[in-house]
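Comments concern the structure below.
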Amino acid sequence: MSFNCRFAPSPTGPLHIGGVRTALFNWLLAKKNKGKYFLRIEDTDKERSKEEFKKQIISSLAWLGIEHEGEEYIQSKNISKHVTVAEDLIKKGFAYACYCSEEEINEQKEKCKKQGIPYVYNRKWRDAKDLKIPKDVKPVIRFKSKISGNTIIKDLVQGERNISNSTIEDFIILRKDKSPTYQLSATVDDHEMKITHVIRGDDHMINSFKQKQIYDAMGWEVPKFAHIPLIHSEKGKKLSKRDNASTINDYIKIGIIPEALRNYLLRLGWSYKDKEIFSLKESIELFNFEGIGKSPSKLDMSRILSMNETYIKSMNEKKLFDKLLEFSNKFKINIDKSKESIILKSLNFLKNKAKTLEDIYNNSGYILNDNLKISSEDKSLIDKKSKDIIKNFIEDFEALKDLNKTSLEPIIKNLIDKHKTNFKGVGQPLRIGLVGTKFGPGIYDIILSLDKATVINRLKKLV
RNA sequence: GGUCCCAUCGUCUAUCGGUUAGGACACAUGGUUUUCAUCCAUGAAAGAGGGGUUCGAUUCCCCUUGGGACCGCCA
């Protein structure tokens, strides 16, 4: 059995993380079923569709590694086909022109509101042989929706869904300017693209009932539907473009890596036993409809961070280094060529203190910046005794031939004995002098990561 | 308001009638450690409420409550 699915965002705003997850689920399922995953840009809203959003959508998906089959499908290019289908529906008696003016519709809505009853279009023109066609009104085309009976959709995630047909109004398929609406375009395109599985957010559930009627009217095979629960913001509402930290870029700029976000998104609303970490290969093999839950899930930044931390720690250091370079070049200051090798060899300890690439970048500050800024508070910690320790250290350190942990250790130990102090007594002044703060990597790591001259120069500034 | 849906620790979730209700994140405590971390160990933390069905319900059914989605000539 073939498996064709698609992700169909509209370029009327930046793609947020919920959409990304929908795309991921589609893509995973296509891979798993050896099917195809398409990207369709639904740009039939001419007013609001923007080229920049289209680009943002495509680059967001690419960043996560979600690659679509062939070129992206641009819906507006197929409008004439949509219109043809609408005309076909009229001919077949499944659609009709409605001459109600916008004022008339608004009046009806007002009236219903006052009476406290739900507004449904009154189907005035559905069978209007006796009505006079007003000259000054351009008609819209409405689909002749079923009035009686029920429609059942066997949803792959939600199970059997049953709705009374009377709750679906005669929805518009062609606007007064003859342009097709979403219900028509999406249906026609899904059919043309031979989509077998429509996997989308469950805010589309009602649309599936409408669209099914179009498929049936046209005698087309109805695809399988899967409506996945939405992602909620921390406030518990449907994620909107206004929520902060909702677009991919919000995560990229703090140094989240794609593998981690992919894993996080995979586990948001889906599970496989107790497993938390999934390689790409595993997610393709194991992902399924059965594991998708029915209730919406909330975004949790601490989990994203933790997932990122896990991936950073387990990642090949060369690969991590490349990501760090890319990150700093894009969002921070370019890493100087002369510092690259030091950073690379220091990643093995820098990454232990980091949840994000930004953390690594910040922790690398003592390598990247030749002039350290030491806060006055930290400077005040360098008292007479500390200065003596530093002086002694410089003497011993300069005399060292081979610089490694084994040769360094005795120096520190001797200083501890000599000055009757503990490790902190020696380590802290050195760290302040070399890193600029009390916090930082292990003192051996710091010394070994910097070259000898730099260590001496920095320490000499303190005494 | 109408229609539809959902309901296990704070969060993501496991359980598919019988479990001391498990894991992960976050949190707390302790240990390792040269600081901050990492790492390790431990702890606290959940079946919304009420009825049924059943020998037995977190699990099946109903009601209540709470939450959500949809109700555009947007998609």
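We name chains A, B, ... by the order of the sequence lines, and we start the count at 1 in each one.
- Taking atom CG on Leu305(A) and atom P on C25(B), their separation rounds to 13 Å, with Å as the unit.
- In the interface, the side chain of Asp300(A) is not paired with the base of A26(B) through any donor and acceptor atom under 3.5 Å apart.
- Taking atom C1' on both C73(B) and C61(B), the two are 44 Å apart, rounded to the nearest angstrom.
- Aromatic ring centres of Phe209(A) and His204(A): separated by at least 6.0 Å.
- If you check every strand for non-hydrogen atoms under 4.0 Å, Lys313(A) touches sugar and phosphate atoms only.
- For C6(B), one of the phosphate oxygens OP1 or OP2 lies less than 4.0 angstrom from a side-chain nitrogen or oxygen of Lys294(A).
- Contact annotation: Lys438(A) does not reach the phosphate of U34(B) (side-chain N/O to OP1 or OP2, under 4.0 Å).
- Here Thr167(A) does not reach the OP1 or OP2 of C4(B): none of its side-chain N or O atoms lies under 4.0 Å away.
- Using a distance-only test at 3.5 Å, with no hydrogens or angles considered, a donor-acceptor pair links the side chain of Asn369(A) to the main chain of Gly365(A).
- Heavy atoms of Glu234(A) sit nowhere under 4.0 angstrom from any nucleic acid atom.
- OP1 or OP2 of A14(B) lies within a sub-4.0 Å distance of a side-chain N or O belonging to Ser271(A).
- Contact annotation for Glu42(A): backbone-only contact, meaning every heavy-atom pair under 4.0 Å involves sugar-phosphate atoms and none involves a base.
- Looking at heavy-atom distances under 4.0 Å, Thr44(A) makes contact with sugar-phosphate atoms alone, never a base.
- Atom-to-atom, CG of Asn363(A) to C1' of U35(B) comes out at 13 Å; the value is rounded to the nearest Å.
- Contact annotation: side chain of Arg267(A) to base of A24(B), donor-acceptor pair absent below 3.5 Å.
- Nearest nucleotide to the side chain of Asn352(A), out of A75(B), U38(B), U34(B): U38(B).
- Each of Arg303(A) and Ile105(A) has a nearest nucleotide on RNA chain B; the 5'-most of these lies closest to Arg303(A).
- Ion pairing of Arg267(A) with Glu276(A) is present here, as a side-chain N (NZ or NE/NH1/NH2) and a carboxylate O approach within less than 4.0 Å.
- Going from the P atom of A69(B) to that of A26(B) covers 28 Å, rounded to whole Å.
- Backbone-only contact: Ile206(A) has heavy atoms under 4.0 Å from sugar-phosphate atoms and none from a base.
- Between Ser185(A) and the phosphate of A75(B), there is no side-chain N or O to OP1/OP2 separation shorter than 4.0 Å.
- Stacking of the aromatic ring of His204(A) onto the base of A75(B) is found: the ring centres lie under 5.5 Å apart and the planes are inclined by under 30°.
- Comparing the C1' positions of G23(B) and A14(B) gives an interatomic distance of 7 Å, to the nearest angstrom.
- Taking the six-membered ring for Trp and the full ring otherwise, Tyr37(A) and Phe7(A) have centroids separated by 6.0 Å or more.
- Checked against C25(B), A75(B), A7(B), the side chain of Gln75(A) finds its nearest nucleotide in A75(B).
- Ring centers of Phe278(A) and Trp270(A): under 6.0 Å apart, within the cut-off.
- With both ends at atom P, the span from U32(B) to A41(B) equals 15 Å, rounded to whole Å.
- A donor-acceptor contact shorter than 3.5 Å is absent between the side chain of Lys298(A) and the backbone of Ser233(A).
- In this structure, Phe143(A) has its ring center closer than 6.0 angstrom to the ring center of Phe171(A).
- Side-chain proximity of Arg48(A) to A26(B), G72(B), G68(B): nearest is G72(B).
- With a cut-off of 3.5 Å on both Watson-Crick or G-U wobble distances, the partner of U38(B) is given as none.
- Contact annotation for Gly425(A): no contact, since no heavy-atom pair falls under 4.0 Å across all strands.
- A donor-acceptor contact shorter than 3.5 Å links the side chain of Asp359(A) to the backbone of Thr356(A).
- Picking from U35(B), C70(B), A75(B) the nucleotide with the shortest atom distance to the side chain of Phe439(A) gives U35(B).
- Listed nucleotides: A26(B), U11(B), G22(B). Nearest to the side chain of Lys298(A): U11(B).
- Heavy atoms of Gln183(A) sit under 4.0 angstrom from at least one base atom.
- Pair assignment for G1(B): C71(B), on the basis of Watson-Crick or G-U wobble contacts that are both within less than 3.5 Å.
- The partner of C27(B) is G43(B), by the rule that a Watson-Crick or G-U pair needs both atom distances under 3.5 Å.
- As judged by a 4.0 angstrom heavy-atom cut-off over every strand, Gly236(A) is placed among residues touching the sugar-phosphate backbone only.
- Contact annotation: Arg161(A) side-chain N/O to C6(B) OP1/OP2 distance is under 4.0 Å.
- Of the residues near RNA chain B, Leu268(A) and Asp274(A), the one whose nearest nucleotide (by heavy atom distance) lies more toward the 5' end is Leu268(A).
- The pairing partner recorded for G18(B) is C55(B), the criterion being a Watson-Crick or G-U wobble arrangement whose two distances lie under 3.5 angstrom.
- With hydrogens and angles ignored, the 3.5 Å screen pairs a side-chain donor or acceptor of Asn316(A) with a backbone N or O of Lys319(A).
- As a whole-Å value, the separation of Ile412(A) CD1 from U35(B) C1' is 13 Å.
- Remark: A48(B) base-pairs with U64(B); criterion is Watson-Crick or G-U wobble with both hydrogen-bond distances under 3.5 Å.
- One interatomic measurement links the two molecules: CD1 of Ile277(A) to C1' of U13(B), which rounds to 14 Å at whole-angstrom precision.
- One atom, CZ of Phe349(A), and another, P of U35(B), lie 16 Å apart when rounded to the nearest Å.
- Comparing the same atom, P, in A44(B) and in U29(B) gives a spacing of 15 Å after rounding to whole Å.
- Across C12(B), C73(B), A75(B), the shortest atom-to-atom separation from the side chain of Tyr182(A) is found for A75(B).
- Here Lys176(A) lies in heavy-atom contact (under 4.0 Å) with a base.
- The backbone N or O of His197(A) lies less than 3.5 Å from no partner atom in the side chain of Arg6(A), so there is not a single donor-acceptor pair.
- Within 4.0 Å of Pro229(A), counting heavy atoms only, lies no atom of the nucleic acid at all.
- At G68(B), one or more side-chain N or O atoms of Lys237(A) fall inside 4.0 Å of OP1 or OP2 (strictly under the cut-off).
- C73(B) atom C1' lies 8 Å from atom CZ of Arg142(A), rounded to whole Å.
- Regarding Phe209(A), its CZ atom lies at a distance of 18 Å from the P atom of A69(B), rounded to whole Å.
- Atom C1' of G47(B) sits at a distance of 16 Å from the matching atom of U65(B), rounded to the whole Å.
- Of the C1' atoms belonging to A45(B) and U34(B), the separation is 35 Å, rounded to the nearest Å.
- Atom name P, nucleotides A37(B) and G22(B): the rounded distance is 30 Å, in whole Å.
- In this structure, Glu377(A) atom CD and U35(B) atom C1' are separated by 14 Å, rounded to whole Å.
- Taking only side-chain atoms of Glu276(A), from C-beta outward, the nucleotide of G72(B), A26(B), G23(B) with the closest atom is G23(B).
- Residue contacts shown for Asn422(A) are absent, as no nucleic acid heavy atom lies under 4.0 Å away.
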